[in-house]
Amino acid sequence: MSAPVDEPMAKATRLVLGFLPQDRQPKPEEVQTAVNAIFGMLAAQGVDLDRDQLAKEIEAMTAVFQERSMALVDPKGHEPWLPEAKNDRAWDFWERYRRYLEDVVNLPPWVVRRLDQSSDEVLSQIEDPRRPGPWRRQGLVIGQVQSGKTGQYIGLAAKAVDAGYRFIVVLAGIHNDLRSQTQLRIDEGLLGFDTQHQSRSNEEGRSRAIGAGAMPLAKRLDIASPTSSAEKGDFGLATAKAINFPLGSFPVVLVVKKHYKILEYLRKWVTDVHGTEGEHGDKVVKDLPLFVIDDEADNASINTVRDPEADPTKTNDAIRRLMKSFDKAAYVGYTATPFANIYIDPDVDHDTVGEDLFPYSFIRTLPSPSNYLGPERVFGLQADDEDEDDVEPLPLVRHVNDTDTWLPTKHRSGDSPGDRLPQSLRDAISSFVLACAARRARGQTKVHNSMLVHVTRFTAVQTLVRDQVDDHLRLIVETLRDRYGKGPALRAELRALWEQDFVATTACFPADEAQRLTWEQVSEQLLPALRKIQVKTVNGASKDALDYYENRRNGLSVIAVGGQKLSRGLTLDGLTVSYYLRVSKTYDTLLQMGRWFGYRPGYEDMCRLYTTPALQAAYAEVTAATDELRREVEEMAALRLTPREFGLKVRSSSLGLTVTAANKMRQGTKILLSYSGEGPETVIFNFADKAVEKNFKALEALVRRLDAVAESVPGPPAGNVRWQRVPPGVVSEFLTSYEPDRMAQRVRPGLIARYVEQCAKVGELSNWTVCLVSNTTPKATSLPIAGHTVGLVTRKPLNPGFRTEGRYTIRRVLSPPDELIDLDEAQRAAASDAARRSAEEKEKPSVPKTPAGPHIRRRRRTDQGLLLIYPIKVPHADDGEPTAPPLVLVGFQVSFPHSEHQSKTEYIANTVWLQEDIYTIDEEDEA
C-alpha cells in the first residue's frame with residue numbers, strides 16, 4: 001500500500017535518477033557524482049536534505065538488477081503489430097502507471113524499465129485489437145511467488161487499454177479477499193479511482209481518485225469497472241442490472257473470482273448486451289476484443305477430468321465458454337508454478353466449450369529483481385555453472401520439532417490442540433514482537449507488520465489456535481506491564497532471544513542493508529509495538545479481514561491464523577515471521593504456500609521462518625526443480641522452440657512428474673517418462689544403517705564390474721577414477737541396486753535404470769563414461785574402494801539434525817565442471833558458445849566461463865552417457881570419536897544426452913507409485 005511521501009527527498013531522488021545513465025547500471029562513482037550535483041543544486045535553492053540518506057536511497061535503487069525475460073513463441077496465425085502501434089496510439093494509461101511506479105511506489109528505474117520491456121514483449125504476442133476478423137491467442141507468464149506478477153500484469157493491462165482493448169477480465173483467485181485485494185491494486189495502478197465509491201472515472205459529482213489517479217497533474221482517463229474492491233464487490237446479477245454505460249466506447253475492466261457461476265453471469269450479460277447470433281445459435285460478441293488475465297492460472301482454471309474430450313470441470317468450462325463467446329479473444333495466464341498448465345492437452349477442442357487453455361502462443365519467464373527475497377535466498381541454490389556464485393541461504397529458518405503433543409500432523413477437524421503452546425510457537429510470537437519493536441526503532445512506525453500461523457487446514461482447529469495465540473499475546477502484554485512481578489523475567493527472556501538470535505542474524509547482512517540496533521532501543525518500543533498487534537483468523541468461516549488498506553495511514557500489526565486462504569495469492573503486507581507446519585502432496589502447492597517470499601526493504605534481517613526440517617528439505621528440492629524449469633524455458637527459447645515442443649518435453653520428463661497433482665496431469669496411469677537432456681542427481685539420502693551399507697556395497701560391486709569389463713583412463717594417484725566404453729547394462733545394474741530415500745521425489749534410480757534400458761534398445765546410451773570422483777585437497781580423507789583409493793568429497797548437510805531425522809539432505813551433489821569430463825574439444829566449444837549466447841540474450845552482466853548443465857547435455861551424442869559417483873564423508877558427531885572410520889554416503893549424477901526417441905519411452909505407473917509421496921496427508925478443500 002502507498003506510504004506517505006517525503007516530497008523533498010522524492011524530488012531529489014527523481015532528479016538524481018534522471019542524471020544517471022538510462023541504458024545501463026550506473027557505476028558507484030557516477031552515483032556519487034550525481035548525488036553531489038543534485039544535493040548542491042537543491043541546497044542552493046534552500047531545500048533541506050540529508051545528503052547521506054539521499055546517497056543511501058540511490059545506492060539501494062541502483063544496486064537492483066533484473067535479467068531480461070525469455071520466451072518460447074509460436075508465430076502461427078499471429079500478425080506483428082506493436083512497433084507500428086507505438087507511433088499511432090496514445091499510451092496515456094501506461095505513462096500514468098509508469099509515473100506511479102517510479103514516483104509513488106518508488107520502484108528502482110531499472111526495474112520499471114524491465115517491466116516496460118517485458119510487458120511490451122507479452123503485449124506484442126497477443127493480437128492487435130484493431131485486427132479485423134476472428135482470432136485467438138493464448139499465453140503463459142511464469143513469475144515467482146510474491147515477486148511482482150500483479151504489478152507486471154497491471155502494466156500489461158494498461159498497455160492493452162491504450163492499444164484498444166475495451167473489455168478486460170481479470171480472474172483473481174477463488175476467494176473474496178484475494179479478489180478484493182487484486183481489485184484494489186488495479187484501482188490504484190490502472191483505474192485511478194476507488195471502486196467502492198464510483199464505477200467510472202468521469203462520473204458526475206464524484207471523484208475519489210487514488211493511486212495513479214491521485215498524483216499531482218495526473219491525467220483523468222475515461223475507464224470503468226462494474227466490480228469493486230469491497231469484500232462483496234464481485235460481479236453478479238445485481239451488478240449486471242445496475243450497469244448503465246455502453247460497451248466498446250471506452251475501456252471496461254472487471255476483476256472477478258474464478259467461480260463458474262460468476263463467470264456464467266458475466267458471459268450471459270455481455271452476450272445479451274453486445275452479442276449477435278452465431279452459426280450454431282449461440283450469441284457471439286464480434287466487435288469487442290476480449291482480454292482475459294488469469295492470475296494463479298494453475299489454480300481452478302485447469303480441467304482435471306481424466307478424459308480431455310469429456311465435459312470439463314466447471315470453472316475450466318466457464319473460462320473456455322467466455323473465450324469462445326468472443327470472435328476476438330486473448331488469454332494470458334500468470335503463475336509461479338506452471339507445471340499443471342504445461343500438462344494441458346494442446347489439441348483439445350470441445351464442441352461446446354472450445355479449445356482448452358494450453359498456452360500455445362507463448363510461454364515467457366519473468367525474472368525477479370535482485371532485491372527479491374525468493375526461494376533461492378531463503379533455502380539456497382547451488383549454481384549450475386562454475387562462474388555463477390552459489391546462492392547461500394540467508395540464516396532465517398528456525399527448526400520446529402516440538403509440536404506433536406500439541407497438534408499432531410495427522411489431526412482431524414474435531415481435534416483440539418493441547419493446552420500449552422509449544423515452545424517454538426511461543427518463540428515465534430516473541431520474535432514477531434521483537435521484529436515489530438525493532439522496525440519501530442528503525443523509524444518504520446506507520447507500516448504494516450504481519451505474522452503467519454499456518455498449522456492446520458481445518459477451520460475449526462484454526463479458531464482454537466487463534467484463541468490460544470491471542471491468550472498468549474495478552475499474557476505477554478500483562479506481564480511486561482508488571483514491573484515488579486514476572487515482568488523483569490520476561491523482559492530478560494526477550495533480551496536473550498534478541499541478543500542470541502537477532503543480533504547474530506543482522507550481523508550476516510551488509511551494514512548498509514540492516515541498521516544495527518541496541519537492546520535499549522528495541523526494549524523501549526516493546527509495549528508500543530505490542531499494543532498494536534491483533535490476532536485474526538483468515539478463512540471462509542471467519543468474519544475477520546486483513547484490512548491493510550483501511551489501516552494504511554498508521555499501519556496494521558496482525559497475527560494471521562489460517563489455512564488455504566493464506567496459501568495462494570493473498571499478500572500479507574509487512575510479513576516478518578511465519579510459523580508453518582502445513583504439509584502438501586505436491587510441489588506446486590507447497591511453493592504457493594510460501595507467503596514469506598517477496599520484498600522486505602529495510603527489514604529482511606527481521607524475517608523468520610519457523611518450520612520442520614522435512615519441510616525445509618522439501619522446499620530446497622522444489623527450489624531446485626523450479627529453477628531447472630526456468631532454465632529449460634530459457635534454453636529452449638534460445639533454440640527457437642515452440643510451447644507445444646516444450647509441453648511435450650515437460651509432460652514426458654521426470655521434471656514435471658511429481659510436482660503437480662496427478663489429476664492435473666490427466667495422463668491416468670499411462671505416462672510417458674523421459675530423462676532426455678536431464679541431469680538427475682541425489683540430494684536426499686536415506687541415513688538408515690542398512691541403506692548406507694547397501695549403497696556402499698553396490699558401489700564396490702560396480703567398481704569391480706567396471707574393472708572387469710570396461711577400459712580405465714589413467715589418472716594421478718588418489719585422483720578421479722574413470723572408465724570409458726562402459727556397457728549400458730552395467731550402469732542400469734548399479735542404479736537398480738541403489739536404495740534411495742523415499743523423500744527423493746525426482747531421483748528414482750529404478751526408473752532411471754529402465755530409461756537407460758529403453759534407450760539402449762533403440763541404439764542410444766550405448767557408450768558410457770563412469771567416473772568415481774575423488775577429493776584431491778590435502779585435508780581430504782582417503783578411502784579404499786574395491787582396490788582404488790579416493791579422497792572422500794564433502795557436502796554440507798542442510799539439516800544438522802540428520803542423525804535423528806534419518807535422512808541426510810544437501811543442496812547439490814554435482815560439482816558443475818565435472819559434467820564436462822567426457823566431452824571432446826568441439827563439444828566443449830559448442831557448449832561454451834551456447835552459454836555465451838544465452839547470457840547475452842538475457843543481458844547478464846557477465847558471460848560464464850563454464851557452461852551450465854543444459855548446454856553441456858545438449859551437445860552430447862545420443863550414445864554418450866555419463867555417470868558421476870561421489871563418495872560423501874559424513875561429518876563426525878560432536879561427541880563422536882574423530883579417529884573412527886568415516887561413514888560414507890554414495891551420491892551420483894547422471895548426465896543424459898537429448899534422445900531422438902524420448903516420446904516412445906512409455907511406462908505404466910500404478911496408482912500406488914503416483915501417490916507415493918513425501919507426505920501422507922490428503923489435500924482437502926476447506927471453507
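Basis for what follows: all heavy atoms, side chains included, without hydrogens, waters or symmetry-related copies. Since the model is a prediction, treat every value here as computed from it, not as a measurement.
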Practice task
For Asp48, look at atom CG and say whether over 12 heavy atoms of other residues, nucleotides or ligands are found less than 6.0 Å away.
Solution key: no
Handout entry: Side-chain ion pair, Glu95 and Arg98, N-O less than 4.0 Å
Key = yes
Handout entry: For Arg51, all residues meeting salt bridge (Lys or Arg N to Asp or Glu O under 4.0 Å), sequence neighbours excluded
Key = none
Handout entry: Sidechain N-carboxylate O distance under 4.0 Å for Arg96, Asp92
Key = no
Exercise for the section: Evaluate side-chain contact (heavy atoms from CB on, under 4.5 Å) for Leu366 paired with Tyr153, printing each intermediate quantity in order. Expected result: CA-CA 11 Å; Leu366 203 64; Tyr153 71 63; over 6 Å; no
Exercise for the section: Check the pair Thr227, Arg179 against side-chain contact (heavy atoms from CB on, under 4.5 Å), reporting the backbone distance first and the verdict last. Expected result: CA-CA 10 Å; Thr227 55; Arg179 191 215 64 81; 4.0 Å; yes
Exercise for the section: Show your reasoning for whether side-chain contact (heavy atoms from CB on, under 4.5 Å) applies to Thr335 and Asp295. Expected result: CA-CA 7 Å; Thr335 183; Asp295 195 8; over 6 Å; no
Practice task
Considering only NZ, NE, NH1 and NH2 on the basic side and carboxylate oxygens on the acidic side, decide whether Asp573 and Arg552 come within less than 4.0 Å.
Solution key: no
Exercise for the section: Identify whether the distance between the nearest side-chain nitrogen and carboxylate oxygen of Arg474 and Glu478 falls below 4.0 Å. Expected result: no
Problem - Side-chain donor or acceptor of Lys532 paired with backbone N/O of Asn554 under 3.5 Å - result: yes
Practice task
Only one of Gln468, His472, Arg426 passes side-chain contact (heavy atoms from CB on, under 4.5 Å) with Arg420; say which it is.
Solution key: Arg426
Practice task
Name the orientation class of the two ring planes belonging to Tyr580 and His454 (parallel below 30°, tilted from 30 to 60°, perpendicular beyond 60°).
Solution key: perpendicular
Problem - Ion pair check, Arg600 and Asp605, cut-off under 4.0 Å - result: no
Handout entry: Derivation of the side-chain contact (heavy atoms from CB on, under 4.5 Å) call for Met606 and Arg442
Key = CA-CA 12 Å; Met606 296 290 136; Arg442 286 178 177 172; 3.5 Å; yes
Practice task
Quick one: list whatever passes side chain to side chain contact (heavy atoms under 4.5 Å, CB included) with Ala209, sequence neighbours left out.
Solution key: Ala214
Practice task
Using atom types as modelled and distance alone, determine if a side-chain donor or acceptor of Asp194 lies under 3.5 Å from a backbone N or O of Arg208.
Solution key: no
Practice task
With Arg608 as the cation and Phe502 as the aromatic partner, state whether NZ or CZ is under 6.0 Å from the six-membered ring centre and within 45° of the axis.
Solution key: yes
Handout entry: Ionic contact status for Glu604 with Arg377, cut-off 4.0 Å
Key = yes
Handout entry: Lys/Arg-Asp/Glu bridge criterion (N-O < 4.0 Å) met for Lys159, Asp116
Key = yes
